[in-house]
Amino acid sequence: MSDSDPRPDEEEPPEWAKERAREIAAADSADAGEPSDAEESADPDAERVPDIPRDAVTEAERLTRLARDAVDDAAATAYRERRDELVAAHDYEPRIREEDDTLVLYPAEWVEDGTVQFDRIEDTDRGVEVSLSGPGDAERYEEVASHNDAVADRIEREHGAAHAANVRAFGAFMANHYVKELDRATLDERAEFLEEYYPRNVWPDEEQRAVVEESLTLVDDALSE
């Protein structure tokens, strides 16, 4: 037996096995530049998204505002219960931080007997905070302003120029000061518009001034249809 002859325990693998080995090697080479799951999770700069979906956060904010503006205690309680059930479905709990008027959503595992256990907070990015009194998202300004102008256009078609001028002024106030749709205004924001912004900034004529409160009511009617 020559030195080049394979030994009995070194027999050549069958051709199909060689082909499979080549496929595996090619796949390994293609993946070599991609980080593994472990490497990605170890990246301190990797973005962490809260576990509760954005649309659920938006709805929780809406229900909180409805509860505040409700004229009857039973309705306010119903809105809060719906909000609590919504966030609980995603294993979160809501709180209102009174000092800066903020809706805060905490992962339920951070809370025990109604109190946040700070030693359980392993990643603050999992929490969600929504201001209930400050400006909205500035990146939404154009969308908000367009929505408010469209409402004013509808009011003009259905109720005339005086009401439309009032609604357009209200829409501009809400967009510029709060980056919010005019139909999401709180009672305090409406009062601020009527008592402070309107007399100082709008320069209404007598007809507009006489119907301004009715104009804001027409907004509610138009959007509820």
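Note that the numbering runs from 1 along the sequence shown for the chain.
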V144 and E181: which non-hydrogen atoms are nearest, and at how many Å?
CG1-N, 3.7 Å
Scan residues 198-220 for pairs that pass ring pair (Phe, Tyr, Trp, His ring centres under 6.0 Å), counting only residues two or more places apart or in two chains.
F193-Y198
Quick one: list whatever passes side-chain contact (heavy atoms from CB on, under 4.5 Å) with D72, sequence neighbours left out.
A74, A75
Do NZ/NE/NH1/NH2 and the carboxylate oxygens of R83 and E59 come within less than 4.0 Å?
no
Show your reasoning for whether side chain to side chain contact (heavy atoms under 4.5 Å, CB included) applies to I52 and V57.
CA-CA 7 Å; I52 184 169; V57 173; 3.8 Å; yes
Nearest 0.5 Å please: distance from the CE atom of M174 over to the CG atom of L182.
7.5 Å
Considering residues at least two apart in sequence or located in another chain, which fulfil the side chain to side chain donor-acceptor pair (under 3.5 Å) criterion with D149?
none
Does V151 share a hydrophobic cluster with V212, counting links as ILVMFWY side-chain heavy atoms below 4.5 Å and allowing steps through other members?
yes
List the steps, then state whether salt bridge (Lys or Arg N to Asp or Glu O under 4.0 Å) holds for D220 with R190.
CA-CA 12 Å; D220 297 335; R190 286 193 175 208; 2.7 Å; yes
Atom pair CG (L63) and CG (D84), whose distance is rounded to the nearest 0.5 Å
9.5 Å
Closest heavy-atom pair, A152 versus A164, reported as atoms and distance to 0.1 Å, is O-CB, 3.8 Å
Could you work out, with side-chain contact (heavy atoms from CB on, under 4.5 Å) as the rule, every residue matching A165, not counting sequence neighbours?
Q208
For E93 and R95: C-alpha separation, side-chain torsions, deciding distance, then whether side chain to side chain contact (heavy atoms under 4.5 Å, CB included) applies.
CA-CA 7 Å; E93 291 192 17; R95 294 286 185 280; 3.2 Å; yes
For residues L194 and Y197: do they belong to one hydrophobic cluster (side chain heavy atoms under 4.5 Å, members Ile, Leu, Val, Met, Phe, Trp, Tyr)?
yes
Can you tell me how far apart OG1 (T77) and CZ (R82) are? Round to the nearest 0.5 Å.
13.0 Å
For the pair E214 and H163, evaluate side chain to side chain contact (heavy atoms under 4.5 Å, CB included) and give the outcome as yes or no after the intermediate values.
CA-CA 8 Å; E214 181 185 355; H163 286 303; 3.7 Å; yes
Give me each pair satisfying ring pair (Phe, Tyr, Trp, His ring centres under 6.0 Å) with a member in residues 64-84, each pair once, sequence neighbours excluded.
none
Is the shortest side-chain heavy-atom distance between L218 and V167 below 4.5 Å?
no
Does the side chain to side chain contact (heavy atoms under 4.5 Å, CB included) test come out yes or no for I96 and R68, once each step is laid out?
CA-CA 12 Å; I96 302 298; R68 285 186 162 195; 4.2 Å; yes
How are the rings of Y178 and F173 set relative to one another: parallel (under 30°), tilted (30 to 60°) or perpendicular (over 60°)?
perpendicular
Shortest non-hydrogen contact between R209 and P204, atoms and distance
NH2-O, 3.1 Å
Contact summary for A76 and A67, nearest pair of heavy atoms
CB-O, 3.4 Å
Contact summary for S215 and N166, nearest pair of heavy atoms:
OG-ND2, 3.1 Å
Kindly give the heavy-atom pair with the smallest separation between V87 and P94, and that separation in Å.
CG2-CD, 3.4 Å
Who are the side-chain contact (heavy atoms from CB on, under 4.5 Å) partners of T217, not counting sequence neighbours?
D221
When K180 is tested against each of E189, E143, E61 for salt bridge (charged side-chain N to carboxylate O under 4.0 Å, His left out), which residue passes?
E189
Hey, quick one: are V202 and F170 part of the same hydrophobic cluster, counting side-chain heavy atoms closer than 4.5 Å, chains of contacts allowed?
yes
